[in-house]
Engineer: 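Could you have a look at this structure, given as structure tokens, before my questions?
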Amino acid sequence: MQPWHSDNPALAGAFAPVFDERDDTDLSVEGVLPAGLSGVFMRNGPNPQFEPGPGYAYPYDGTGMIHALYLDAGRARYRNRWVLTRELQEERDAGRRLYNPTFGPPPQANLANTNVLRHAGRIYALYEGGCPYVIDDTLATLGPDAFQGRLAGAFSAHPKVDPLTGEMVAINYDLMAGTLEYLRLDASGQVDRQVRFASPWPALVHDIGLTATHAVAFVCPLVFDFSRGPAAPAWEPKRGTQVLLVPRDCTDAAQIRWIEAAPFFNWHVANACVEGDTIEAVMPWHDGFGPDSRKRLELHRLRIDLASGQVDDQMLDDQPCEFGRVNDAWLGRRARYCYAGLRDPRPGETPQPGAFEAFARYDLETGAKTVFRLPAGQTACEPVFAADPAADPAANPAADEADGYLLSFVHAENDAGGRFIVLDARDLAAGPVATIRLPRRVPAGLHGSWMPASPAGAAQARR
């Protein structure tokens with residue numbers, strides 16, 4: 001595969017693509033991998049094989065590549081593969097780029113580049129501009145999945161899987177039609193709820209919160225008015241933000257509720273829960289969108305009072321952070337701890353969006369923040385929680401939500417090699433308990449999942 005180089009900041013530094021598909025075994029481990037931590041960590045992200053056209057932008061563009069780190073009995077191996085979409089196969093057959101960036105003229109591709117997760121025995125590569133692609137645990141692409149023909153348009157990049165029921169819940173959007181769609185798949189992967197309804201305006205809904213009773217989304221005033229040109233979004237704060245509440249068992253649009261809130265923008269929801277008449281959502285919160293309107297990126301907690309229709313917005317931390325996660329066994333229930341990528345550049349360092357200099361653990365009960373700062377010149381992406389196999393609640397009633405590890409690939413400036421770190425979530429500031437060395441760097445990417453191999457690990461993930 002012919003390498004190429006671009007001066008586009010979204011294709012340079014930590015985001016410079018790689019051009020080979022590798023299988024590296026018996027990787028060097030510094031420190032000790034946690035006993036019993038067996039499974040695979042997969043992370044998706046943009047990695048165009050052919051040089052993109054003008055207008056390529058993070059995080060919208062770039063063909064998806066899955067990077068996988070397999071752990072078994074204290075040993076580690078690495079594999080990476082492009083998601084072989086129909087469009088990528090067409091480009092390979094032509095030997096050149098055929099599709100344009102998201103905000104360019106047609107045609108556009110299903111990039112399958114944003115997230116990777118497992119549900120009902122299938123592993124999905126997800127992109128909110130197209131149909132999910134199914135891959136196997138070797139990263140071979142098996143093909144698109146329209147959920148037994150029920151999916152007519154694009155599917156969310158951020159569905160949420162309920163760890164108790166096994167249901168996968170998503171809210172999909174169609175910018176051209178100005179509509180949203182609630183979609184629920186049961187634990188076996190069958191669609192059992194599907195409701196399409198009008199959006200207040202054409203807006204992206206990148207992520208949702210899931211509670212025991214509702215799917216929660218935030219329709220922010222980033223408006224896609226196609227009369228202004230191809231997919232040209234505008235920040236219109238006078239509209240406010242509309243909080244969308246969809247009952248989990250929704251069968252009709254009349255059951256959906258909207259609550260008005262002050263304007264803000266969010267990409268992600270770390271977690272949500274419901275207690276009594278109050279829904280809480282914890283998220284990285286932006287006061288605007290784009291360089292002209294956004295001045296603040298903070299961690300916030302929103303409390304939505306179902307009785308009064310009021311929304312209370314509380315800042316938890318004013319240090320910029322993104323890609324918030326919790327222990328997935330607590331997803332949709334009250335979680336004490338939230339983990340996020342933290343913006344913490346040293347003097348002279350030029351930050352890249354989506355590549356973080358530190359990780360933070362937030363104690364949502366006490367307000368305490370614990371930070372692990374990477375060495376100078378190193379950045380990481382989303383921190384993914386892997387439960388400690390020794391802390392299986394079925395075998396150990398004293399198991400705690402924090403009993404586990406944070407996993408991430410790390411990019412080091414001016415280093416052709418790569419790193420994968422394992423941090424103890426109970427003692428984040430102590431630094432990695434293990435660092436796996438890779439013979440080739442792994443670019444910064446987007447979202448990933450830990451998929452435990454053992455029945456005990458899988459059981460804790462469904463706690």
Engineer: Salt bridge (Lys or Arg N to Asp or Glu O under 4.0 Å) for Asp23 and Arg79? Distances and angles first, verdict last.
Structural biologist: CA-CA 5 Å; Asp23 292 278; Arg79 171 176 288 185; 2.3 Å; yes
Engineer: Please assess Tyr173 against Glu128 for the test side-chain hydrogen bond (donor to acceptor under 3.5 Å, both in side chains), listing each intermediate value before the final yes or no.
Structural biologist: CA-CA 8 Å; Tyr173 66 87; Glu128 62 209 59; 2.5 Å; yes
Engineer: How many angstroms lie between CD1 in Ile135 and CG in Leu84, if you round to the nearest 0.5 Å?
Structural biologist: 12.0 Å
Engineer: For residues Phe218 and Phe264, establish whether the separation of their ring centroids is below 6.0 Å.
Structural biologist: yes
Engineer: Hey, are the side chains of Asn266 and Pro284 touching, using non-hydrogen atoms and a 4.5 Å cut-off?
Structural biologist: no
Engineer: Do Asp145 and Arg122 sit within salt-bridge range, that is, some charged N less than 4.0 Å from a carboxylate O?
Structural biologist: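 A salt bridge links Asp145 with Arg122.
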Engineer: For residues Ile66 and Arg81, determine if any side-chain heavy atom of one lies less than 4.5 Å from a side-chain heavy atom of the other.
Structural biologist: no
Engineer: Is any side-chain heavy atom of Glu382 less than 4.5 Å from a side-chain heavy atom of His268?
Structural biologist: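 No, their side chains stay 4.5 Å or more apart.
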Engineer: For side chain to side chain contact (heavy atoms under 4.5 Å, CB included), just list the numbers for Leu71 and Ser38, CA-CA rounded to whole Å, side-chain angles, deciding distance to a tenth of an Å, and then say yes or no.
Structural biologist: CA-CA 5 Å; Leu71 300 178; Ser38 295; 5.7 Å; no
Engineer: Mind checking the CZ-CG spacing from Arg43 to Leu446? Nearest 0.5 Å is all I need.
Structural biologist: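 Between Arg43 CZ and Leu446 CG, I get 7.5 Å after rounding to 0.5 Å.
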Engineer: How far apart are the closest heavy atoms of Cys321 and Leu299, and which atoms are they?
Structural biologist: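 Result for this residue pair: SG-CB, 3.9 Å.
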Engineer: Run the side-chain hydrogen bond (donor to acceptor under 3.5 Å, both in side chains) test on His67 and Tyr78 for me, step by step, so that the C-alpha distance in whole Å, both residues' side-chain angles and the decisive distance to 0.1 Å come before the verdict.
Structural biologist: CA-CA 8 Å; His67 300 267; Tyr78 165 83; 2.7 Å; yes
Engineer: Nearest 0.5 Å, please: how far is OG in Ser449 from OH in Tyr124?
Structural biologist: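 Going from OH on Tyr124 over to OG on Ser449, the span is 13.0 Å.
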Engineer: Measure across Leu342 and Phe356 and return the closest heavy-atom pair with its distance rounded to 0.1 Å.
Structural biologist: O-CB, 3.5 Å
Engineer: Tell me, please, whether Tyr337 has Arg361 positioned over its six-membered ring: NZ or CZ under 6.0 Å from the ring centre and within 45 degrees of its axis?
Structural biologist: yes
Engineer: Can Glu357 and Arg346 be counted as an ion pair, charged N to O under 4.0 angstrom?
Structural biologist: no
Engineer: Output yes when Arg373 and Asp344 qualify as a salt bridge under the 4.0 Å nitrogen-oxygen rule, no when they do not.
Structural biologist: yes
Engineer: Give a yes or no on whether the ring-centroid distance for Phe15 and Tyr58 is below 6.0 angstrom.
Structural biologist: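 Yes, the ring centres sit under 6.0 Å apart.
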Engineer: Evaluate ring pair (Phe, Tyr, Trp, His ring centres under 6.0 Å) for Tyr339 paired with Tyr362, printing each intermediate quantity in order.
Structural biologist: CA-CA 6 Å; Tyr339 309 92; Tyr362 296 95; 9.1 Å; no
Engineer: Using a strict 4.0 Å threshold on nitrogen-to-oxygen distance, state whether Asp24 and Arg77 make a salt bridge.
Structural biologist: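 So Asp24 does not pair with Arg77 through a salt bridge.
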Engineer: Let's go through Arg150 and Gln194 carefully: what are the C-alpha distance in whole Å and the side-chain angles of both, what is the deciding distance for side-chain hydrogen bond (donor to acceptor under 3.5 Å, both in side chains) to 0.1 Å, and is it a yes or a no?
Structural biologist: CA-CA 9 Å; Arg150 296 289 296 275; Gln194 187 171 21; 3.1 Å; yes
Engineer: The test is side chain to side chain contact (heavy atoms under 4.5 Å, CB included); show your working for Leu69 and Leu438 and say whether it passes.
Structural biologist: CA-CA 10 Å; Leu69 203 291; Leu438 306 171; 4.0 Å; yes
Engineer: On the 0 to 90° scale, with breaks at 30° and 60°, tag the Phe323-His447 ring pair as parallel, tilted or perpendicular.
Structural biologist: tilted
Engineer: Are the side chains of Leu407 and Ile421 in contact, using a 4.5 Å heavy-atom criterion?
Structural biologist: no
Engineer: Looking at every heavy atom in both Val83 and Thr63, which two are closest together, and how far apart are they?
Structural biologist: O-CG2, 4.4 Å
Engineer: For Phe265 together with Trp285, are the ring centres under 6.0 Å from each other?
Structural biologist: no
Engineer: Please round to the nearest 0.5 Å and tell me the distance separating atom CG of Asn172 and atom CG of Leu183.
Structural biologist: 6.0 Å
Engineer: To the nearest 0.5 Å, what is the distance between CG (Leu175) and OG1 (Thr179)?
Structural biologist: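 Spacing of CG (Leu175) from OG1 (Thr179) equals 9.0 Å.
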Engineer: One pair to check against side chain to side chain contact (heavy atoms under 4.5 Å, CB included): Val169 and Ile208. What are the steps and the verdict?
Structural biologist: CA-CA 9 Å; Val169 173; Ile208 64 170; 4.1 Å; yes
Engineer: Please check if atom CZ in Arg75 has more than 12 non-hydrogen atoms from other residues, nucleotides or ligands closer than 6.0 Å.
Structural biologist: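 Not buried by this count: 12 neighbours or fewer within 6.0 Å.
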Engineer: Given ring pair (Phe, Tyr, Trp, His ring centres under 6.0 Å), test Trp4 with Phe19 step by step and report yes or no.
Structural biologist: CA-CA 9 Å; Trp4 46 267; Phe19 299 98; 5.4 Å; yes
Engineer: When you compare the side chain of Pro3 with that of His5, does any pair of heavy atoms fall below 4.5 Å?
Structural biologist: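 No. Closest side-chain heavy atoms not under 4.5 Å.
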Engineer: Within the supplied structure, the quantity of interest is the number of heavy atoms (other residues, nucleotides, ligands) at a distance under 6.0 Å from Gln190 CD; does it exceed 12?
Structural biologist: yes
Engineer: List the steps and the verdict of side chain to side chain contact (heavy atoms under 4.5 Å, CB included) for Gln378 and Arg419.
Structural biologist: CA-CA 10 Å; Gln378 295 186 20; Arg419 294 165 175 80; 3.8 Å; yes
Engineer: Does any non-hydrogen side-chain atom of Leu139 lie less than 4.5 Å from one of Met42?
Structural biologist: yes
Engineer: Does the distance from a Lys or Arg side-chain N to an Asp or Glu carboxylate O, for Glu167 and Arg248, drop under 4.0 Å?
Structural biologist: yes
Engineer: Using a 4.5 Å cut-off on heavy atoms from C-beta on, say whether the side chain of Ser6 contacts that of Tyr56.
Structural biologist: no
Engineer: Would Asp61 and Thr102 satisfy side-chain hydrogen bond (donor to acceptor under 3.5 Å, both in side chains), going step by step from the backbone distance to the final call?
Structural biologist: CA-CA 6 Å; Asp61 294 313; Thr102 299; 2.7 Å; yes
Engineer: Can you give me the closest heavy-atom contact between Trp201 and Val223, atom names plus distance?
Structural biologist: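 In this case the closest contact between Trp201 and Val223 is CD1-CG2, 3.7 Å.
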Engineer: Are Asp415 and Arg440 within salt-bridge range, i.e. N to O under 4.0 Å?
Structural biologist: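 Judged by the 4.0 Å cut-off on N to carboxylate O distance, Asp415 and Arg440 do not form a salt bridge.
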Engineer: Go through Arg184 and Asp162 one step at a time and tell me if the salt bridge (Lys or Arg N to Asp or Glu O under 4.0 Å) criterion holds.
Structural biologist: CA-CA 11 Å; Arg184 189 179 80 180; Asp162 188 313; over 6 Å; no
Engineer: Heavy atoms only: give me the nearest Ala425-Phe385 pair and the separation to one decimal.
Structural biologist: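 For Ala425 versus Phe385, the nearest heavy atoms are CB-CE1, 3.7 Å.
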Engineer: Does the gap between the ring centers of Phe41 and Phe420 come in under 6.0 Å?
Structural biologist: yes
Engineer: CG of Asn110 to OH of Tyr133: how many Å apart, nearest 0.5 Å?
Structural biologist: 5.5 Å
Engineer: Looking at Phe50, is Arg96 sitting on its ring face, NZ or CZ under 6.0 Å from the six-membered ring centre and within 45 degrees of the normal?
Structural biologist: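 Not satisfied by the 6.0 Å and 45° rule.
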Engineer: Ignoring hydrogens and angles, tell me if any N or O in the side chain of Arg441 forms a donor-acceptor pair with the backbone of Ala16 under 3.5 Å.
Structural biologist: yes
Engineer: Answer yes when Glu51 and Arg97 have at least one side-chain N-carboxylate O distance shorter than 4.0 Å, and no when they do not.
Structural biologist: no
Engineer: With a 4.5 Å cut-off on side-chain heavy atoms, are Lys160 and Leu331 touching?
Structural biologist: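 Touching, per the 4.5 Å side-chain cut-off.
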Engineer: Closest approach of Arg239 and Pro221, non-hydrogen atoms and distance?
Structural biologist: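 Where Arg239 meets Pro221 most closely, the heavy atoms are CB-CB, 4.1 Å.
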Engineer: Would you please classify the geometry between the Phe224 ring and the Phe103 ring as parallel, tilted or perpendicular, with 30° and 60° separating the classes?
Structural biologist: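 If you compare the ring of Phe103 with that of Phe224, the planes turn out tilted.
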Engineer: Just by modelled atom types, is the Ala125 backbone N or O under 3.5 Å from a matching donor or acceptor in the Asn115 side chain?
Structural biologist: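 Between the backbone of Ala125 and the side chain of Asn115 there is no qualifying donor-acceptor contact (under 3.5 Å).
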